Amino acid sequence: MTASQGSGCELQGLLLGRLCAHTAKTCCGKNTTEEIKRDVKESTCSQLCVGNGTCACHDGYQLQEDGVNCEDVNECLTNRHNCIGGQVCINTEGSFRCQRETSCGTGYELRDDNSCQDIDECVLGIHNCAPDFICTNTAGSFRCHPREKCATGFIQDAAGSCIDINECVAHTSPCQPGQTCINTMGSYTCRRNTVTCGRGYHLTHDGARCEDVDECRAGNVCGDHGCINLVGTYRCECRSGFLFNSITKLCEDINECRHYPGRLCAHKCENTEGSYQCTCTTGFKLSHDGRNCEDVNECEANPCSQECSNVYGSYQCYCRRGYQLSDMDGITCEDIDECALPTGGHVCSYRCSNAPGSFYCTCPPTGYTLAPNGRTCQDIDECATGSHTCSVSESCFNIQGGFRCLSFTCPPNFRQASWGRCERVTCEFTRDPASCFLLPLRISFYNISFPTNTPVPANVFRMGPSNSVPGDKMLLNIVSGDEDGYFVVQQQAHGGEISLHRALTQPRDFFLTVEMRLIRYGKAHLYMAKIAVFVTHELSIQPTRTFPY
């Protein structure tokens, strides 16, 4: 916009002039306010209009390609600045500024024109002058000057305060010979010399000379110790156990325990006033010489509930058999419950009962008696002692903890060959010879007993011929009595074994019928065994028995 155009816009008034400066092509040159307002609404230029619909920009800006908006010119990049050497160009909106590359240093600040200006610390109040000083600014710094002048006889210290001058020290011999200089506030005086006595001396009555002071007569300076006067001083003759301190002039106690460690007392040394005393540790008492320690026999005071044994410096309590020393006090003896010990279950074969200092074993009320060792229960053989209740026609069989009454009779077609053995009669004399030949040649009766919980497998019965012939063949079979399958047959070369293969935890009676078929020289022979098995409560090892035919 030219000067003449600007003047034309300003004729419309201040407000319209401002609008004109930011409107487009037809703003300037209009005669009325309404025309100018209408042009403002239609204007699109961002800064200046130059007429005929053309836009322009202020200094430091350039028109963009759209012909309407203006953007800042970076004079630092386009090299349109005028910064000199040692200055750095910094772009600003519509312009730029030059700034020094280095600072001004302490006491100066950088101005907008890049010049260094002195900082007046006194005006800004950033000095460190004391209240008694006046701050005076200097180039790049400041100075502190005292506020006042000191009077004669005074001098100013570093803080600005007036302090007295000691003329007696500051000047050489300010007084006449024979006189003593005495400093006063702001001045000094001269006084005629007098006789001054040192420690341990005092003036004579005429004041002309010094004489020794007898401290031993002047006061009780050594207390209950002896005192010896010396020229200008004294010393104390200390009693035994004390040592004279020449600095404090006192008799001080000697700590004999510290000066002679380990040489005065056998155990412990305790210092006393002027002496010492020996003491002993627990379990010992001081001997007659006052230094050594001798053992105390604590057992004489009966500290233990049962047995006591004196040891050097102490004692040890012991308990009789069946008791143990308490873990609480180490003195009281407590009964040992042998039955409750980890091995208590093996102390007695049946039942253990604790007693003070001991224990005793018991057996079941019937069928057993206590062995001489007092721990094992022995079975009572009622059959041997005659204490059974079997009839005359019955046989008594002893088992663990009891007995059984058994009757023995041979079945038809058999005759009794001996006790517990039946043999087949001659079949030709029977009514039915054909059926007779199917019967076994011999029936044998056996009784076996073993305890519950016997480890399995366990052999309980072995069956075989009394003599063997080469070529014999044998077959063993359980015919009846083992319906629950507790037993099993194991065939062998010369007979067989009947074994228990299921554990029995409760007493039980079995009546097994076992057949053995022997084939010899092509001819079969049948033998039968009736086995009564009695399983009892008590645990005992029953040996395997072999029964020949």
Side-chain angles (χ1 to χ4, degrees), residues 1-23 27-28 45-50 55-66 68-152 154-165:
M1 180 182 292
T2 62
S4 61
Q5 290 172 332
S7 299
C9 288
E10 292 171 359
L11 294 174
Q12 307 302 323
L14 178 61
L15 177 60
L16 296 179
R18 291 177 180 175
L19 292 173
C20 178
H22 295 84
T23 56
C27 174
C28 300
C45 293
S46 64
Q47 288 190 359
L48 302 175
C49 62
V50 295
C55 297
C57 299
H58 295 297
D59 291 340
Y61 295 88
Q62 63 183 5
L63 195 64
Q64 295 184 1
E65 293 180 359
D66 59 5
V68 175
N69 295 307
C70 296
E71 64 180 358
D72 174 59
V73 175
N74 192 334
E75 293 84 357
C76 297
L77 295 178
T78 59
N79 204 23
R80 296 181 186 177
H81 61 85
N82 58 358
C83 297
I84 64 176
Q87 294 180 339
V88 176
C89 175
I90 300 175
N91 184 61
T92 60
E93 188 69 23
S95 183
F96 67 93
R97 66 185 178 89
C98 299
Q99 181 174 314
R100 290 166 56 98
E101 290 185 341
T102 59
S103 62
C104 295
T106 305
Y108 295 89
E109 63 180 352
L110 185 65
R111 301 181 61 184
D112 292 338
D113 60 357
N114 285 324
S115 63
C116 292
Q117 181 179 358
D118 175 57
I119 299 174
D120 192 340
E121 293 86 356
C122 299
V123 174
L124 297 177
I126 57 175
H127 60 85
N128 58 355
C129 295
D132 295 336
F133 287 78
I134 298 175
C135 177
T136 303
N137 187 60
T138 60
S141 185
F142 63 92
R143 291 290 183 273
C144 297
H145 299 285
R147 290 182 179 275
E148 60 179 348
K149 298 293 184 179
C150 295
T152 304
F154 293 88
I155 190 172
Q156 209 164 36
D157 60 7
S161 302
C162 293
I163 58 174
D164 175 56
I165 299 174

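Bear in mind the structure is a predicted one, so any value in this text is a computation, not a measurement.
- For Glu109, the side-chain hydrogen bond (donor to acceptor under 3.5 Å, both in side chains) criterion is met by no residue, not counting sequence neighbours.
- For the atom pair Thr78 OG1 and Phe96 CZ, the distance stands at 9.0 Å (nearest 0.5 Å).
- A donor-acceptor contact shorter than 3.5 Å links the side chain of Gln47 to the backbone of His58.
- Closest heavy-atom contact between Val73 and Asn91: O-OD1, 3.4 Å.
- Minimum interatomic distance between Gly94 and Asp72 (heavy atoms only, all atoms of both residues): N-OD1, 2.7 Å.
- Atoms OG1 and CD, from Thr92 and Glu75 in turn, are 6.5 Å apart once rounded to the nearest 0.5 Å.
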query = Where do Cys98 and Cys89 land on the disulfide (SG to SG under 2.5 Å) test, with the steps shown first?
reply = CA-CA 5 Å; Cys98 299; Cys89 175; 5.8 Å; no

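- The line from SG of Cys45 to CG of Leu63 is 8.0 Å long, rounded to the nearest 0.5 Å.
- In this structure, Cys70 and Cys55 have their SG atoms no less than 2.5 Å from one another.
- Contacts classified as side chain to side chain donor-acceptor pair (under 3.5 Å) and involving residues 133-143 (residues at least two apart or in different chains) are given here: Asp118-Asn137.
- Residue Ile155 places its CD1 atom among 12 or fewer non-hydrogen atoms of other residues, nucleotides or ligands, all under 6.0 Å distant.
- Nearest approach of Cys122 to Phe142, heavy atoms of both residues: SG-CB, 4.2 Å.
- Closest approach of Ser46 to Asn69, counting heavy atoms only: OG-CA, 3.2 Å.
- Within 6.0 Å of CG in Asp59 there are 12 or fewer heavy atoms belonging to other residues, nucleotides or ligands.
- SG atoms of Cys129 and Cys135 are separated by 2.5 angstrom or more, inconsistent with a disulfide link.
- Between the CG atom in Asp66 and the CD atom in Glu71 there is a gap of 9.0 Å [rounded to 0.5 Å].
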